[in-house]
Protein chains: 2
Amino acid sequence: MNLPPLVQTFVLHFGEMGSRWGINRTVGQIYALLYLSKEPLNAEDIVERLGVSRSNVSMGLKELQAWNLVRLQHKPGDRRDYFSTPDDIWQIVRTLVEERKKREIDPTMTLLREVLMQEPASAEERHAQERMREMHDLFELLTGWYADVQRLDTERLVQLLTLGSKVQKILEMKDRLFVVPGSKKSRRDDPKEK
Amino acid sequence: MNLPPLVQTFVLHFGEMGSRWGINRTVGQIYALLYLSKEPLNAEDIVERLGVSRSNVSMGLKELQAWNLVRLQHKPGDRRDYFSTPDDIWQIVRTLVEERKKREIDPTMTLLREVLMQEPASAEERHAQERMREMHDLFELLTGWYADVQRLDTERLVQLLTLGSKVQKILEMKDRLFVVPGSKKSRRDDPKEK
DNA sequence: CCGATATTTCAGTAAATTCTGAAAGTTCAG
DNA sequence: CTGAACTTTCAGAATTTACTGAAATATCGG
């Protein structure tokens, strides 16, 4: 591996972290390298810097492309493929979330919907379905929230995240301001709550 | 594998999904089984239902315990260990997020802080550090948001998620209400923005 | 179309992970 | 203390995944 020490530390770390995700070490390293690089890199560049085989790099890049995590570019008068990551880190986050949703949440939701359609054949199955319904509803809430905030431009998203739960205060304030105190509508808490 | 069809479908799916995470198939299956089960199960129950070896189950349960994802219980007059998942699915989500943060984000933040302390020895390293700072700041924003909303009780958290980006509207409303129009403070957008 | 350059595919190998059975360890009632 | 019931550990086997080099395929300037 032929990298400045600072870069190498990061690349090795991401290689290891890759394993905690479904991603393998080399793919993690390639991505880390591209992320840190000012200029787009071609496959041979990556081979030299990481010290892995050409074919391994080829496969790794293919996987990163399948994840939409790298951009393929060309330089004039050079027919090699150059790869880079988006300059905007928020774009990276958005892609990551989008792709993980597509691969993990969506298929699970499909399965849950299917299984919830079936008639339970026993008390055990009935309880299992109940649990699956809880999971289904949870995922629905989370993906709904995601679909919603995902549309915000980055500035507003950052605003929202910076506020965190302080939003809660503002909500309460809103309630006090716009709802006639004591009226039914002002009761935000479920009355049957203990 | 000796399970009602509906349960089996779910358990198999989670086994496969487990691989997309860092978790292996058996661990995913054990968890799915416990999640769906009304009653706590002991190791032998799990062996029978999943058809894997006793030692495999023992290791899987140990891993799930390390993740704080299962609760160990005992029945009076029975010295076998019984395992279950929390009844409250939100508790499960909280644990999952907490543990993943601990294993993935925290070590990465430590590394980023260390590397950002060092003096860059070249233009390449300077640019790499710049990128690492972006990642560092991103993670800081996200973990800050998480630390904040994580403290909310579930009811309020659900409220917040249900609102999604509609919060934005309320923020704007708040601005219009409480800031003198035309004053400096009412300018929320960065003036140098295009 | 040719040949040079670049990329992809793939079969075989290497490495890592998962799983098992056997043995060792632990706990507790009697 | 003993031994039955239960759990954990661990070395090796089985399986899966990652990686490589060689061959095949693609692309393009001339």
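Every chain is numbered from 1 and lettered A, B, ... according to where its sequence line falls, protein lines coming before strand lines. Not measured: the values here are computed from a predicted model. Note: hydrogens, waters and symmetry copies are ignored here, and every other heavy atom, side chains too, is used.
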K.L.:
Does the Lys NZ or Arg CZ of B/Lys101 fall within the cation-pi geometry relative to B/Tyr146 - under 6.0 Å from the ring centre and within 45° of the axis?
P.N.:
no

K.L.:
I need the NE2-C1' distance between A/His74 and D/dC28, as an integer number of Å.
P.N.:
12 Å

K.L.:
Does C/dG21 have its OP1 or OP2 closer than 4.0 Å to a side-chain nitrogen or oxygen of B/Ser53?
P.N.:
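Looking at the OP1 and OP2 atoms of C/dG21, neither is under 4.0 Å from any side-chain N or O of B/Ser53.
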
K.L.:
Heavy atoms under 4.0 Å, any strand shown: does A/Arg54 hit a base, just sugar-phosphate, or nothing?
P.N.:
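A/Arg54: base contact, heavy atoms under 4.0 Å.
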
K.L.:
Would you kindly compare A/Glu44 and B/Val57 by the position of their nearest DNA chain C nucleotide and give the one closer to the 5′ end?
P.N.:
A/Glu44

K.L.:
Please report, rounded to the nearest Å, how far the P atom of C/dT8 is from the CD atom of A/Glu63.
P.N.:
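So the two atoms are 14 Å apart, to the nearest Å.
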
K.L.:
Let me spell it out: for each of A/Ser55 and A/Ile23, pick the nucleotide of DNA chain D with the closest heavy atom. Which residue's pick is nearer the 5' end?
P.N.:
A/Ile23

K.L.:
Measure the distance from CG on A/Asn56 to P on C/dT13 and round it to the nearest whole Å.
P.N.:
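After rounding, the reported distance stands at 18 Å.
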
K.L.:
Rounded to whole Å, please give me the gap between CG in A/Leu72 and P in D/dT27.
P.N.:
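Atom-to-atom, A/Leu72 to D/dT27, this comes out as 13 Å.
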
K.L.:
Have a look at A/Thr108 and tell me which of A/Thr110, A/Leu112, A/Asp106, A/Leu111 forms a side chain to side chain contact (heavy atoms under 4.5 Å, CB included) with it.
P.N.:
A/Leu112

K.L.:
Taking only side-chain N and O atoms of A/Arg79, does any of them lie within less than 4.0 angstrom of OP1 or OP2 on C/dT5?
P.N.:
no

K.L.:
For the pair made of CZ in A/Arg80 and P in C/dA4, what is the distance, rounded to whole Å?
P.N.:
17 Å

K.L.:
What integer distance in Å separates A/Ile46:CD1 from D/dC19:C1'?
P.N.:
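It works out to 16 Å between those atoms.
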
K.L.:
Would you indicate, yes or no, if D/dC19 has its OP1 or OP2 atom less than 4.0 angstrom from a side-chain nitrogen or oxygen of A/Thr26?
P.N.:
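So the side-chain polar atoms of A/Thr26 do come within 4.0 Å of the phosphate oxygens OP1 or OP2 of D/dC19, strictly under.
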
K.L.:
Is there a donor-acceptor contact under 3.5 Å linking the side chains of A/Thr154 and A/Arg94?
P.N.:
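Yes, a side-chain donor-acceptor pair sits under 3.5 Å.
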
K.L.:
Quick one: on DNA chain D, does A/Met59 or B/Gln65 contact a more 5' nucleotide (nearest heavy atom)?
P.N.:
B/Gln65

K.L.:
Starting at atom CG of B/Asp81, determine the distance to atom C1' of D/dA5, rounded to an integer number of angstrom.
P.N.:
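Rounding to the nearest Å, CG of B/Asp81 and C1' of D/dA5 are 12 Å apart.
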
K.L.:
Calculate the interatomic distance between B/Leu41 atom CG and D/dT7 atom P; express it in whole Å.
P.N.:
13 Å

K.L.:
Could you tell me whether A/Asn24 contacts a base, only the sugar-phosphate backbone, or nothing, with contacts defined as non-hydrogen atoms closer than 4.0 Å?
P.N.:
sugar-phosphate

K.L.:
Checking B/Asn68 against B/Glu99: is there a side-chain donor and acceptor pair closer than 3.5 Å?
P.N.:
yes

K.L.:
Ignoring backbone atoms, test whether A/Lys62 places a side-chain nitrogen or oxygen under 4.0 Å from the OP1 or OP2 oxygen of C/dT7.
P.N.:
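Answer is no, no contact under 4.0 Å.
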
K.L.:
Can you see if the side chain of A/Asn42 gets near the phosphate of C/dA6 - specifically, an N or O under 4.0 Å from OP1 or OP2?
P.N.:
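No, outside the criterion.
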
K.L.:
Taking atom types as modelled, is there a side-chain donor on B/Thr85 or A/Arg131 under 3.5 Å from an acceptor on the other?
P.N.:
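Yes, a side-chain donor-acceptor pair sits under 3.5 Å.
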
